[in-house]
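Only one structure is covered here, and it is reproduced in the block below.
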Amino acid sequence: MTTSAAPSVERNRTIVELRNHVGGRWAVGEGPEFTSTSPHDPDCVVGAGHHASKAQVDTAISDATEQKRPWRRTPIHERAAHLLRAADFLDGEAARWAPVMARESGKPVGECRGELGRAAQILRYHAHQADAPAGLQFASPRAGERILVDHRPVGVVAVISPFNFPVAIPAWKIAPALVYGNTVVWKPPPSVAASADLLMRALEAGGVPPGVVSLVHGEAVIGDHLVSAPGIDAVTFTGSTPVGTAIAAGCAARGVPIQAEMGGKNAAVVLADADLGAAVAAVISGAFRSAGQKCTATSRLVLHSSIADEFLTRLGEAMAVVRVGDPEDEATFLGPLISADARNRVNVAISQAVSRGARVVTGDPLPAGLDGYHCAPVVLEIDSPADELWTEELFGPVLAVLRADDAATALSLANSGPFGLSLAIFARDLGDVLESIAEAGVGMVHINSETAGADPHVPFGGNGLSSLGPREQGAARDFYTTVTTVYLQAAQR
Ligand code: UN1
């Protein structure tokens, strides 16, 4: 086992030796031992190593602080070139690493290959920002003066990434941080530590200088230490709403900018004139890919009453494609949830909803022989938007259904609740579509496409308890830079 060799995917073998990347090199953690295991086959260890100690986190932060000036003064095209090389490395490793990522995260192997390709695309998109305009120039009311608006790096950025996109999400945080001249200390979740290692290897292979990006493994105690350390100039976080808002409160008290991507309770609204076949396919994909573990997943469905029965019949028939099983099997659509806790939480929420009167529209029991953290996909029709199934994020393969008699009611059901991330509208009538766009209370509206998915070159994020701070991805410069306005006059000759 070395950290540079490609992993083996033989069953029942530890396949990745997990180290931290501190002090510009791979380093054995000085914290407790840990493993990442397969949620499909929990006895199967994927990665093994040690968490970082708090002292190692401090070393990573002081390295990042030392590198601030040299990295900031490196031309942006040179910084970008490292990302382009890292993208090539990821492309080269995708076929070998996708099964490892599937085993560790529970995400089906085809989705893992897709995510690795997407991560490379994200690195390239941000690298190409080197060619974008660097700032603005304004006219001055004074003769002989120009006013320039310059974008400067923020400094040392703490990156806290989630389990559900182990490579793509840290890529879309770290890539813009680096290209705009920041240095980074990154903590991924222990459950997907081996998959996270791949991105660190890519950045190393891309030649990012020692100490500019560090990787520290650990639980919340290490994350808390990192985000509250005095050397951190900005924090970017993706994860649960309670954790994100708590980190944001601490950051606000210290005047540290925060970008937090948190929960979602995203609705698909199917109006009377929709293409029902296309809507059924999009709802299945939005609700059940990644086992519903996306902040953008479709977890609410609002059906116009006139097509509701037909839609639910067609949805029930189409559920046959949602095959539950081993995420390394190409035929699997729905792998396990990330942990026993996650599975138990979802199963309890389903049985409580049923005991409150929810009607199971479709929901076959799990196939026999699955010993992991699997959860059968389920569609439940409920009576009221006050039901917890309508208001609380579950992060599992559970779709709650309500009916509405008109488009305005449908939209208000979709808008209800504390989140505001993504919304899908299925309709043909242009008036209904325009009205839905105008009234949508979300950061992203999809007309005739699923709630999940995001292109790297456009803003990503939401309203309410879904997001705090500037948008990610295509709007990344707003977070990863600060603006300096320069009043520029020549001295008298
Ligand atoms: C997607 O919909 O493909 O944590 C991306 C999440 C989001 C990313 C979703 N921040 O699920």
Side-chain angles (χ1 to χ4, degrees), residues 101 105-108 110-123 125 159-176 186-189 191-192 195-196 199 235-245 247-248 258-268 282-300 335 337-338 342 393-398 419-424 442-446 449-476 479:
M101 197 173 151
S105 68
K107 191 189 292 219
E111 283 189 63
C112 291
R113 274 195 302 273
E115 178 173 344
L116 292 173
R118 176 180 183 177
Q121 182 198 7
I122 286 165
L123 295 179
Y125 164 72
V159 172
I160 307 284
S161 60
F163 75 82
N164 61 340
F165 288 87
V167 180
I169 289 182
W172 83 50
K173 293 175 181 296
I174 294 170
W186 167 35
K187 192 199 87 64
S191 56
V192 292
S195 306
L199 180 60
V235 176
T236 178
F237 166 87
T238 296
S240 75
T241 302
V243 175
T245 50
I247 292 175
I258 167 95
Q259 177 185 57
E261 285 301 330
M262 305 176 287
K265 193 76 194 176
N266 313 292
V283 165
I284 285 183
S285 178
F288 302 121
R289 285 205 191 278
S290 297
Q293 298 172 114
K294 295 181 189 177
C295 59
T296 48
T298 307
S299 51
R300 311 201 278 193
L337 298 193
I338 190 68
E393 184 180 44
L394 276 180
F395 232 56
V398 183
F419 299 109
L421 189 59
S422 184
L423 167 67
V442 291
M444 295 167 295
V445 185
H446 292 259
S449 65
E450 68 173 86
T451 56
D455 284 321
H457 63 297
V458 296
F460 179 93
N463 301 328
L465 281 181
S466 289
S467 306
L468 288 170
R471 297 284 192 254
E472 296 193 292
Q473 306 219 51
F479 179 69

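Nothing here was measured: the structure is a model prediction, and the numbers come from that model. We count ligands from 1, going down the list as the structure has it; atoms in each ligand are counted the same way.
- The side-chain heavy atoms of Pro176 and Glu472, taken from C-beta on, include no pair separated by under 4.5 Å.
- Checking each of Val442, Leu465, Thr296 against Leu421 for a side chain to side chain contact (heavy atoms under 4.5 Å, CB included) leaves exactly one that passes, namely Thr296.
- Between the side chains of Glu111 and Ser290, a donor-acceptor pair is found at a separation under 3.5 Å.
- Contact check for Pro170 versus Pro188: no side-chain heavy atoms found under the 4.5 Å cut-off.
- Judged by the 6.0 Å and 45° rule, Lys107 forms a cation-pi pair with Phe165.
- Protein residues are said to neighbour a ligand when one of their heavy atoms lies under 4.0 Å from it; for ligand 1 these are Arg118, Asn164, Phe165, Ile169, Trp172, Thr238, Lys294, Cys295, Thr296, Ala452, Gly453, Phe460.
- Put simply, the side chain of Thr241 reaches to within 4.5 Å of the side chain of Phe419, judged on heavy atoms.
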